[in-house]
Number of protein chains: 2
Amino acid sequence: MKTLTLPSISEMDLTTVCAALGDPVRMKIVQCLARSGEKNCSGFEVEHISKSTLSHHIKILRESGLIQPRFQGKEHFYSLRKEDLDRRFPGMVDLLLNEPVLTE
Amino acid sequence: MKTLTLPSISEMDLTTVCAALGDPVRMKIVQCLARSGEKNCSGFEVEHISKSTLSHHIKILRESGLIQPRFQGKEHFYSLRKEDLDRRFPGMVDLLLNEPVLTE
DNA sequence: TTTTCAGTTCGAAAAATATCAAACAATAAA
DNA sequence: TTTATTGTTTGATATTTTTCGAACTGAAAA
């Protein structure tokens with residue numbers, strides 16, 4: 001059985017969250033989730049990246065508090081922790097939603 | 001005569017700004033400026049850091065669009081580009097102001 | 001049970017970043 | 001003019017981060 005540690009609202013740190021958002025791959029994943037609700041790894045619109053690298057980025061996003069997983073069978077569905085983020089960092093989700101997604 | 005290039009509002013990039021804020025030293029400088037208006041290097045409340053390192057961090061903040069300099073004699077006064085940031089990333093400055101400054 | 005599928009973890013290599021001391025530049029003060 | 005002050009730049013090193021392939025894990029399908 002999986003037991004994954006997510007930071008609680010009070011454990012979330014703005015610098016850590018900003019560092020997580022400071023990578024273009026991760027920013028794209030977060031913006032994707034902010035718009036779409038829930039997706040599994042293959043749903044993130046990031047190209048030319050190995051699955052181990054993607055998994056690494058997901059871990060950083062999860063540990064920063066930005067996203068949370070839901071396990072269903074062999075799939076891992078991820079979603080943005082909108083309510084928690086809105087409580088801890090009011091305005092942050094809107095900021096992400098207002099920003100157009102970069103297409104490379 | 002100094003000619004420093006600041007990014008225009010439309011040149012500001014959210015990922016780059018987040019990367020700039022994703023370092024504890026730089027986050028502290030920005031929060032300091034968000035609260036205090038204008039300060040020179042010796043006014044940032046960061047300890048145990050050489051002046052060359054501080055200068056490096058200031059450059060990253062300036063090039064991301066977060067801060068702007070004003071030259072007066074031998075001093076360089078820095079301030080947060082609040083109006084520009086509010087236009088480009090509405091809510092970001094408030095987000096920084098709402099967040100208590102970490103004291104290590 | 002064996003295979004396939006979705007994803008994580010491990011170990012290593014490459015790239016980027018943070019840090020400092022020393023040298024430099026520009027202004028102001030002596 | 002010489003010296004002190006405020007900060008930047010340069011060059012080097014140490015650390016961190018990104019990236020990948022290979023091996024692994026757990027669940028579902030064959």
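Throughout, a chain's letter reflects where its sequence line sits, starting with A, and its residues are numbered from 1. These figures come from a predicted structure and were not determined experimentally. Side chains included, hydrogens not; waters and symmetry mates left out as well; all remaining heavy atoms used.
- Taking atom CD on A/Glu47 and atom P on D/dC20, their separation rounds to 13 Å, with Å as the unit.
- A donor-acceptor pair is defined here as one N or O able to donate and one able to accept, closer than 3.5 Å; no such pair exists between the side chain of B/Lys39 and the backbone of B/Tyr78.
- Under a 3.5 Å cut-off, the side chain of A/Arg35 and the backbone N or O of A/Leu97 do form a donor-acceptor pair.
- Contact annotation: B/Asn40 side-chain N/O to D/dG7 OP1/OP2 distance is under 4.0 Å.
- In this structure, A/Phe71 places its CZ atom 17 Å from P of D/dT25, rounding to the nearest Å.
- The nearest whole Å value for the distance from the NZ atom in A/Lys59 to the P atom in D/dT18 is 13 Å.
- Using a cut-off of 4.0 Å between Lys/Arg side-chain N and Asp/Glu carboxylate O, B/Arg70 and B/Glu75 are scored as not salt-bridged.
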Between N or O atoms, less than 3.5 Å apart, protein on one side and nucleotides 19-23 of chain C on the other: list the pairs.
unit_1	atom_1	unit_2	atom_2	d
C/dT19	OP2	B/His57	NE2	2.5
C/dC20	OP2	B/Ser50	N	2.9
C/dC20	OP2	B/Ser50	OG	3.2
C/dC20	OP2	B/Thr53	OG1	2.8
C/dA21	N7	B/Ser52	OG	3.3
C/dA21	N6	B/Ser52	OG	3.0

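- Side-chain proximity of A/Lys74 to the nucleotides D/dT9, C/dT4, C/dG7 is greatest for C/dT4.
- Spacing between atom CD1 of B/Ile60 and atom C1' of C/dA18 amounts to 8 Å, rounded to whole angstrom units.
- Atom P of nucleotide C/dG7 and atom CG of A/Leu61 are separated by 15 Å, given to the nearest angstrom.
- Of all heavy-atom pairs between A/Cys32 and A/Gly43, the closest is SG-O, 4.1 Å.
- Under 4.0 angstrom from either OP1 or OP2 of C/dA6 there lies no side-chain N or O belonging to A/Tyr78.
- Atom CD of A/Glu75 and atom P of D/dA29 are 10 Å apart (whole Å).
- Taking atom CD1 of B/Ile58 as the reference point, atom P of C/dA18 lies 14 Å away to the nearest angstrom.
- Counting to the nearest Å, the P atom of C/dA28 and the CD atom of B/Gln72 are 9 Å from each other.
- B/Arg62 comes within contact range of no nucleotide atom at all, as no heavy-atom separation falls under 4.0 Å.
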(request) Apply side-chain contact (heavy atoms from CB on, under 4.5 Å) to B/Leu14 and B/Met92, showing your working. (result) CA-CA 10 Å; B/Leu14 183 56; B/Met92 179 179 285; 3.7 Å; yes
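- Side-chain N or O atoms of A/Arg88 include one that pairs as donor or acceptor with a backbone N or O of A/Ile9 at under 3.5 Å.
- With hydrophobic clusters built from ILVMFWY side chains whose heavy atoms lie under 4.5 angstrom apart, B/Ile58 shares a cluster with B/Ile49.
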